Asker: 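To start, I am sharing the structure in question, which I have written as C-alpha cells.
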2 protein chains.
Amino acid sequence: MKSNTEVQMLLENEYDDILLKRLHQLHNMRHQPNQFTVLVREIPLCGEHKARDCSVDHFFSKYHPHSYESYQILYDGEDLEKLFNQAKSIKSKIEKLRHHFIRKHNRNLLQSEALNNDAQIEQLKETLQELFRRIQHTQSKMQLRAKELPVAFVTFKSRWGAALAAQSQQISNPLLWITEMAPEPRDVLWRNLAVPYRYLPLYKFGVYVAASLLTVFFAVPVTAVQGIAKFERLKKWFPPAMAVQLIPGLRSIVTGYLPSVILNGFVYIIPFAMIGMAKLAGYISRSRKDIKACNMVFYFLVGNVFFLSLLSGSLLDQIGESFSHPRDFPGRLASAASAQADFFMTYILTNGLSGFSLEILQPGLLIWDSMKSCMWDRGKKKRPYLYSLPYYRIIPFVALGILIGMVYAVVAPLLLPFLVGYFCLGYIVFINQIQDVYITTYETCGQYWPYIHHYILVAIVIMQITMIGLFGLKSKPAASFSIIPLLIFTLLFNEYCKIRFLPTFYQCSVKDARDRDDFDEKTDLMEANLRNAIDAYCPPCLRPPDIEDVESSSLEPLLTST
Amino acid sequence: MKSNTEVQMLLENEYDDILLKRLHQLHNMRHQPNQFTVLVREIPLCGEHKARDCSVDHFFSKYHPHSYESYQILYDGEDLEKLFNQAKSIKSKIEKLRHHFIRKHNRNLLQSEALNNDAQIEQLKETLQELFRRIQHTQSKMQLRAKELPVAFVTFKSRWGAALAAQSQQISNPLLWITEMAPEPRDVLWRNLAVPYRYLPLYKFGVYVAASLLTVFFAVPVTAVQGIAKFERLKKWFPPAMAVQLIPGLRSIVTGYLPSVILNGFVYIIPFAMIGMAKLAGYISRSRKDIKACNMVFYFLVGNVFFLSLLSGSLLDQIGESFSHPRDFPGRLASAASAQADFFMTYILTNGLSGFSLEILQPGLLIWDSMKSCMWDRGKKKRPYLYSLPYYRIIPFVALGILIGMVYAVVAPLLLPFLVGYFCLGYIVFINQIQDVYITTYETCGQYWPYIHHYILVAIVIMQITMIGLFGLKSKPAASFSIIPLLIFTLLFNEYCKIRFLPTFYQCSVKDARDRDDFDEKTDLMEANLRNAIDAYCPPCLRPPDIEDVESSSLEPLLTST
C-alpha cells in the first residue's frame, strides 16, 4: 500500500513538473503563429454567395467581434501539386542538361552539339514558363473558389480570443464550425486536411481495426517464416546455404540465432508499419500522427513481446481464454511471470546492448539513405540526411522496459539492476542523439507525457494483477484480496490525473493566453507576432512558384557558356 | 438489419426534434437570469486582501473585460438559517397566541387574562426584534467575510460572454476557477453549494456504491420478509391474524397476494430511497439530483425487476455467473425470456392498471399530506398540497416498459398490444396530471431526453443480446453471428448521438447566445433582463428578514383588541 502511494505521488509530481515545463515553454514560444490561430472545420456554405470563404468572415466577425482578425481558407491542392511536381521534374531535367553541358564544355565539344543542347534547354524552359503560367492561373481566386475545402485557419487579434474560440461550441450543431487550436505551421499535414471530417471516425476505426489485427495475428507469419527458415529445410530449397556447413561452428550459430533474428526483424518493421497506418488515419498534424503510432506500437509490444513471451500459444487463444475464464487470468499471469524471469533478463540485456548500439549507428537510416542516393537521387547534390527523433520507435520500447521492471519488481527483483543499467545507457545514448543527431520538426511542448504516464499506469495495473495471482498461487487469499482495493485506487488515481492535468495539455487557459498577450503588449511585440501569424498558414500549394530562383540560377551558367 | 436502421433513424429524428424544441424553449425563456450567469467554484483567496469576493472581481474584470458585469459570492449560511428558523418559530408562537386571544375575546374573557396574553406577546415580539437585529448584524459585510465559500454566481453583460466563460478553462489548473452555466435560481440547492468541490467525487462515489449495493442486495430483505410473512408463521407470531381464517376465502387471497404485495411495497419505496441518496451526492440543482435519481431507479428496475424475474437466483450470483462464463449469457437470457413471457404480460397489465390508477389517486401523497396536517401542522392555515412531477418515479417505470417491449418484440410479439395499451393509458393519465395536478418547480428544457434515449438504447442492446442467444438456442449459428455487427452498429450509433446532440444539452453555443442578445437589443429588453439577472442569485440566507410583514400583520389585531 505504502509503496503504491509513493509511486503515485512520484507520478503526480512528475506530471505537475512536466505541466509547468510545458507552460514555461509555451510562454517562451509566444511568437509562434499557432497561439493566435484556430483551425475551423466543417464550414457550411454561405447562403448568399455560395462560397465558404465569405461564410468564415461573416461568422467570425459577427460572433467573435472583439478578437477576430483574418482567415486563410484551404483549397483542394491536388491539381496544383501535380503541376508543381511537373515543374520540379522539368527543373531537374534542365539542371541535368546544364550539368552535362558544362562537363562536355570542358572537353571542347562540337559547336552543333552545344547548339542542340542549348535548344533543348530553351525548349524545356519554355515548357516551364507555360507551367508557371498555368500554376498562376490555377492559383487565381476564381479558379480556386471551385476547390474550396470546408477548412480554414482563423487568426485572432489576441491569444485570448483564439483560446476562447477554440474551446467554445460555435453553433447548436456541434458537428459544424468545429474549432480547435491550430498545430504549428510546420507540423500541419496539409493533405489530411482535405479528408472530409465525417469520414475521419471511419478512417480512425479502420486503422484501429488494422492495428489490432496486426497485433493479434502478428505471431502467425513469424512462426510460419521461422518454420520455413529451419536449416534443414533451407538446405533443400536453397542449396548454396550448404556452404555454411563448411565453416565449423557456423552452423550451430545459424540454427540457434536464425529464429530470434527473424522475430527481431519483424518487430523492427512494426513501428514503420504502424506509422504508415497512422498516416492513413487522417490526423491533421505530424505530432498527433506520431503520438498515435507510438500508442499502437506500445500495445503491440505489450501483446506480442510481453504477453506472448509469458504465455504460450497465440494471442487470440489467450484473449479468448481470458474472456471465457477471466478469474483464472491473474493466476496464469503470475505463474508464467515467475517461470519466464530468465527470458526477460536476457531480453533486457540483448535489447539494451543491441538496441542502443543500433540507435547510435543507425544502420536502417544509413542503408536507406545510401540506397536512395545510389538508386534514384544519383547525381543530385547531396544534402546531409537529417531526421526527426522517431518517438514512435523509441518510447514504446522504453515503456516496455518499465512494464517488465514493474512486474518483475515483485516476481524477481534481481532483474532490476539490469534494468537500471538499461535505462542509464539509454539516457546517455538519447541525450547524445537528441543534441547532436536529430533535428526538431515540430514542438509538442510535452504532449507525449500523458501517454507515457498512461503506459506507466498500465504497467502498475498489470503488476497488481500479477500480484493478485502470485498471492493466490502461494495460497494467501487474504493478501490476494487486499490487492483489489489497491487496483481500484490506481484506477481512481488515473482518473484524477486525467481531470487534473490532461485538459491543460490540449487547450490553452484564458489566464495564460491573456497573460502572454499582456506580456507582448508591454514589450511591444504584439503587432509583429500577429503579423507573423497572419501569413504563417498559407498552404504550400498557394505559395507563388519560385520563378526567379530558376531564372537566376539557370541563366548564370548559360551566360558563362556563351 | 433494416428494422434496426429504422429504429435508429426514428431515434435520431426524435433527438433532433427535441433538440430543436429545447432551443426554441431556451429562446422563449430569454428573460431567465441563468442565461446571463455562470457558476464559479473553487475560487482561490486573493493574495492581497485575503478574501474571495475581491478575487472574483479582479479575475473576471481582467480576463473577461468585455462582458463581465457583477458577482454574488456565497456564504456559509448555517448560522443565519438557524436564526431564521428561530424567528420563524417565534412568529408562529405569536400567531398562535393572537389566534387564541381573538377566539377568547369573542367569549368576553377576563381583563387580567387579556393583559397577561398581551404581555406575553410583547415579550415574544421583543425577542423577535432582538433576533432580527442579530440576523442583520450577521448579514453585515464584516461578519460574512469570515464565512465566505469559494463559490460565486458571476453575471455577464451578455449571454454571449456567459457562454464563452462557461465553456473555457480559466487557469492552467483545471481544478480551480471551475465555470459552468448556472442553474435557474429556483432550481439551485443552496445547501449543496457549500460542499467543498474536491469532496464531491467522494460523495458521488459513495452514493453510487450505496445505490449499487441496494440494487444487488435488494432481493435479500424482500425474500426474508416474504419468508417471515408466510401465513403459517404469522399465525404463530401475531395471533390476531387468526381472524382472517374466520372469513371464508380471505385466507387464500392473503397467502396468494402477500408476497407480491410485499415486493411491490419494497419497489414503491425505492424511488424515495434513491432520491434521498441523490440528495447526499451534492448536486447543485434539483433538476440534476432528480435526473441522477431517475437513472439509479432505472438501473435498479432493470436489475431487480427485469433480470431477476427472468433469471432465478440472486442478482449477485447472476453477475458472478456472467463474469465467469460471459459466453453463455445470451443463451441463458434467451431461454429465460421465452419461459417468462406470461409473467411479463401480467406484470404489464397489473402495473399498468394499478400503477396508473394509483398515479391518478395519489394515495401516497394523500396519506403523507393528511398525516402532516393532522400531526405537526395542526391548526395552521392549509395550503393546497402541490408537488412537482416526480420524474424519478415515473420515467424509470416507463423505460422498463420499453425494455420489456423491445425484448419481447422478438421473443413473444403477443405482448406488444398490451404494451401499446399501457402506453396509451399512461399518455392520457400523464397529460392530465401534468396539466392539472403538478406544478413546475424547475425547467430543464428537455435535459431528460438524453437519459431516456440512453434507456431506449440499453433496451435495444439487451434485445440484440437476447436475439444472439435465441438464434443460438435454435441452432442457427450464422444468424446468431450476424447479430454481432448489428450490436456493434448500435453502440456506434450511440457514440454518434453523443457527439452530435449531447453537447448542446449541456452548453449554450456562441451563435445561439449572441442571437438571443441581438434579439433582446432589438426589442430593448436587454437592460431589463440583465438587471433581473443581477439580483436573481441572492442566497436565501442573505435576504432581509421580513420585519414589516410581522409588524403590520401582528399590529393590526392588537389594534382591534385595544
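Order of the sequence lines fixes the chain letters, A, B, ..., with proteins taken first and strands second; residue numbering starts at 1 for each chain. Quick caveat, the model's predicted, so the values are computed rather than measured. Values reported hereafter were calculated over all heavy atoms of this structure, with side chains retained and with hydrogens, waters and symmetry mates removed.
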Asker: Quick one: what part of B:I499 sits under 4.5 Å from any heavy atom of chain A, side chain, backbone, both or neither?
Answerer: both
Asker: What are the two closest heavy atoms between B:L19 and A:S172, and how far apart are they?
Answerer: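 Minimum heavy-atom separation between B:L19 and A:S172: CD2-O, 4.4 Å.
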Asker: Consider only side-chain N and O atoms of A:S509 and B:Q170, and report whether a donor and an acceptor are under 3.5 Å apart.
Answerer: no
Asker: For the CZ atom of B:R514 and the NE2 atom of A:H64, what is their distance to the nearest 0.5 Å?
Answerer: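 Taking CZ in B:R514 and NE2 in A:H64, the distance rounds to 9.5 Å.
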Asker: Do B:P65 and A:W160 touch side chain to side chain, with heavy atoms closer than 4.5 Å?
Answerer: yes
Asker: Any non-hydrogen side-chain atom of B:D515 less than 4.5 Å from a side-chain atom of A:Y63?
Answerer: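 In short, these two side chains touch, coming nearer than 4.5 Å.
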Asker: By a 4.5 Å heavy-atom criterion (distance strictly below it), what part of A:I171 contacts chain B: side chain, backbone, both, or neither?
Answerer: both
Asker: Determine, stepwise, if the pair A:T504 / B:Q169 fulfils side-chain contact (heavy atoms from CB on, under 4.5 Å).
Answerer: CA-CA 8 Å; A:T504 318; B:Q169 186 186 338; 3.1 Å; yes
Asker: Surrounding CZ of B:F481 (heavy atoms of other residues, nucleotides or ligands, distance under 6.0 Å), is the total greater than 12?
Answerer: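 Check fails, neighbour count at 12 or below.
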Asker: Do other residues, nucleotides or ligands put more than 12 heavy atoms under 6.0 Å from B:H24 NE2?
Answerer: no
Asker: Any side-chain donor paired with an acceptor under 3.5 Å for B:Q167 and A:Q167?
Answerer: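 No donor-acceptor contact under 3.5 Å links the two side chains.
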Asker: Inspect the surroundings of OH in B:Y197 and state if more than 12 heavy atoms from other residues, nucleotides or ligands are less than 6.0 Å away.
Answerer: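 No - once you tally the heavy atoms of other residues, nucleotides and ligands closer than 6.0 Å, there are 12 at most.
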Asker: Decide yes or no for A:K511 and B:L176: does some side-chain heavy atom of the first lie under 4.5 Å from some side-chain heavy atom of the second?
Answerer: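 No, too far: nothing below the 4.5 Å cut-off.
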Asker: Could you check whether the rings of B:H66 and A:H66 sit parallel, tilted or perpendicular, using 30° and 60° as the cut-offs?
Answerer: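 Taking A:H66 first and then B:H66, their aromatic rings lie parallel (interplane angle under 30°).
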Asker: Is there a side-chain contact between B:Y496 and A:L175 in this structure, where contact means two heavy atoms from C-beta onward sitting under 4.5 Å apart?
Answerer: yes
Asker: Report the C-alpha distance between A:D518 and B:K62 in whole Å, list the side-chain angles of each, state the deciding distance to 0.1 Å, and finish with yes or no for side-chain contact (heavy atoms from CB on, under 4.5 Å).
Answerer: CA-CA 11 Å; A:D518 287 353; B:K62 180 161 184 203; 3.7 Å; yes
Asker: Considering residues, nucleotides and ligands other than A:Y203, do more than 12 of their heavy atoms fall under 6.0 Å from its OH?
Answerer: no
Asker: Do other residues, nucleotides or ligands put more than 12 heavy atoms under 6.0 Å from B:M29 CE?
Answerer: yes
Asker: Heavy-atom count check: over 12 atoms from other residues, nucleotides or ligands less than 6.0 Å from B:Y506 OH?
Answerer: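 Counting neighbours around OH of B:Y506, more than 12 heavy atoms of other residues, nucleotides or ligands fall under 6.0 Å, so yes.
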Asker: In terms of heavy-atom pairs under 4.5 Å, which option from A:D16, A:L502, A:D512 contacts chain B the most?
Answerer: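 Sorted descending by pairs with chain B, the first entry is A:D512.
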